[in-house]
Peer 1: 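Here's a structure for you.
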Amino acid sequence: MSLALEAKKPQPGDLIEIFRGSYQHWAVYVGDGAIVHLAAPSEVADTGVDSMMSVFSDKALVKKEELWQVAGSSRWRINNSLDHKYVPRAAGAIVQEACALVGQSLPYCVLRGNCEHFANELRYGKAESRQVCKAGELAMLTGLAAAVGVGVVALAAAFLGSGKKEDKAKQ
């Protein structure tokens, strides 16, 4: 049984974030306990790391399923956190478009067209993934930290090396 992180009941057009361990799966709530989501072939409830195989998929299927079925035992929450950045489309339009896409196979790319891009495009008309942005920021920070580390080592080597040259010159 899935576990909602809040007592609030989702409303049609709300975005649902399902926690899968190392990433989140995203869907649009369409009412009566159902969601529409972009599911790569490996996206299955309770698979955890196994569904990370979606990285290797280039197609995904738009599905309409029960929220509890997709979430499985994973925690989930309503997450319309981009409402401050973008104006949400009308709930009826979101639900109508989401349901019209059910059954279609769409291009899938974990970096440019994943389930979060899909859900945000339906709600806001903007395909955006904060997971991808955060991963990019983390990679950039990691790279920056590595560059700083290399720079410190090079500076230390240059400093220590110049002292040895002075010692040799004195001899």
Peer 1: Measuring from atom CD of Gln69 to atom CG of Leu67, what distance do you get when rounded to the nearest 0.5 angstrom?
Peer 2: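 So the CD of Gln69 and the CG of Leu67 are separated by 10.0 Å.
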Peer 1: Please report the shortest heavy-atom distance between Tyr29 and Val95, naming the atom on each side.
Peer 2: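 Taking Tyr29 first and Val95 second, the nearest heavy atoms are O-CG2, 4.2 Å.
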Peer 1: Under the rule for side chain to side chain donor-acceptor pair (under 3.5 Å), what residues qualify as partners of Lys9, not counting sequence neighbours?
Peer 2: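 Partners of Lys9 by the side chain to side chain donor-acceptor pair (under 3.5 Å) criterion come out as none, since no residue qualifies.
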Peer 1: Show the nearest heavy-atom pair for residues Asp14 and Asn80, with the distance to one decimal.
Peer 2: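 Smallest interatomic distance, heavy atoms only, reads OD1-ND2, 2.7 Å.
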Peer 1: Out of curiosity, Arg130 CZ to Glu17 CD, how far, rounded to the nearest 0.5 Å?
Peer 2: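 CD of Glu17 is found 6.5 Å from CZ of Arg130.
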Peer 1: Check Tyr124 against Ser81 and note the closest heavy-atom contact, atom names and distance.
Peer 2: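 The pair with the smallest heavy-atom distance is OH-N, 4.2 Å.
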Peer 1: Mind checking what makes salt bridge (charged side-chain N to carboxylate O under 4.0 Å, His left out) contact with Lys59, not counting sequence neighbours?
Peer 2: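 With sequence neighbours excluded, Lys59 shows a salt bridge (charged side-chain N to carboxylate O under 4.0 Å, His left out) to no residue whatsoever.
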Peer 1: If I compare all heavy atoms of Ala91 with all of Pro12, which pair ends up nearest, and what's the gap?
Peer 2: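 Nearest heavy atoms, Ala91 then Pro12: CB-O, 3.4 Å.
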Peer 1: Less than 4.5 Å apart, side chain to side chain, heavy atoms only: is that true for Lys85 and Lys126?
Peer 2: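 They are not in contact (no side-chain heavy atoms under 4.5 Å apart), so the answer is no.
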Peer 1: Taking only residues two or more places apart in sequence, or in another chain, which ones meet Asn120 in a side chain to side chain donor-acceptor pair (under 3.5 Å)?
Peer 2: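 With sequence neighbours excluded, Asn120 shows a side chain to side chain donor-acceptor pair (under 3.5 Å) to no residue whatsoever.
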Peer 1: How long is the gap from CG on Leu15 to CD on Glu116, to the nearest 0.5 Å?
Peer 2: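 If I round to the nearest 0.5 Å, the distance is 9.0 Å.
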Peer 1: Looking at Tyr108 and Cys115, what are the two nearest heavy atoms and their distance?
Peer 2: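 Closest approach of Tyr108 to Cys115: CE1-N, 4.0 Å.
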Peer 1: Taking only residues two or more places apart in sequence or in another chain, which ones pass ring pair (Phe, Tyr, Trp, His ring centres under 6.0 Å) with Phe19?
Peer 2: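 None.
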Peer 1: Do the side chain of Asp32 and the main chain of Ala34 share a donor and acceptor less than 3.5 angstrom apart?
Peer 2: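 Not at all, since once roles are kept as given, no pair shorter than 3.5 Å links the two residues.
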Peer 1: Extract all donor-acceptor atom pairs below 3.5 Å that involve side chains of residues 97-107 and protein atoms in other chains or at least two apart in sequence.
Peer 2:
unit_1: Glu97; atom_1: OE1; unit_2: Arg89; atom_2: NH1; d: 3.0
unit_1: Glu97; atom_1: OE1; unit_2: Arg89; atom_2: NH2; d: 2.9

Peer 1: How long is the straight-line distance from CZ of Arg20 back to NE2 of His25, given to the nearest 0.5 Å?
Peer 2: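 The distance works out to 6.0 Å.
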Peer 1: Which heavy atom of Ala71 sits nearest to which heavy atom of Ile18, and what is that distance?
Peer 2: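 For Ala71 and Ile18, the tightest heavy-atom pair comes out as CA-CG2, 4.0 Å.
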Peer 1: What residues form a side chain to side chain donor-acceptor pair (under 3.5 Å) with Glu65, not counting sequence neighbours?
Peer 2: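 Glu65: side chain to side chain donor-acceptor pair (under 3.5 Å) contacts with His37.
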Peer 1: For atom CD of Gln96, is the number of surrounding heavy atoms from other residues, nucleotides or ligands below 6.0 Å larger than 12?
Peer 2: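 No, not enclosed.
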Peer 1: In the single-linkage hydrophobic clustering (I, L, V, M, F, W, Y; side-chain heavy atoms under 4.5 Å), do Leu61 and Trp26 co-cluster?
Peer 2: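 No, separate clusters.
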Peer 1: Out of curiosity, Ile35 CD1 to Trp68 CH2, how far, rounded to the nearest 0.5 Å?
Peer 2: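 Here the rounded value is 11.5 Å.
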Peer 1: Does any non-hydrogen side-chain atom of Phe118 lie less than 4.5 Å from one of Val36?
Peer 2: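 They are in contact (side-chain heavy atoms under 4.5 Å apart), so the answer is yes.
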Peer 1: List in chain and number order the residues that pass side chain to side chain contact (heavy atoms under 4.5 Å, CB included) with Glu121, two or more places apart in sequence or in another chain; answer none if no residue qualifies.
Peer 2: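 Result, side chain to side chain contact (heavy atoms under 4.5 Å, CB included) vs Glu121: Ala127.
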Peer 1: Quick one: pull up NZ in Lys63 and CG in Leu38 and give me the separation to the nearest 0.5 Å.
Peer 2: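 Going from the NZ atom of Lys63 to the CG atom of Leu38 covers 10.0 Å.
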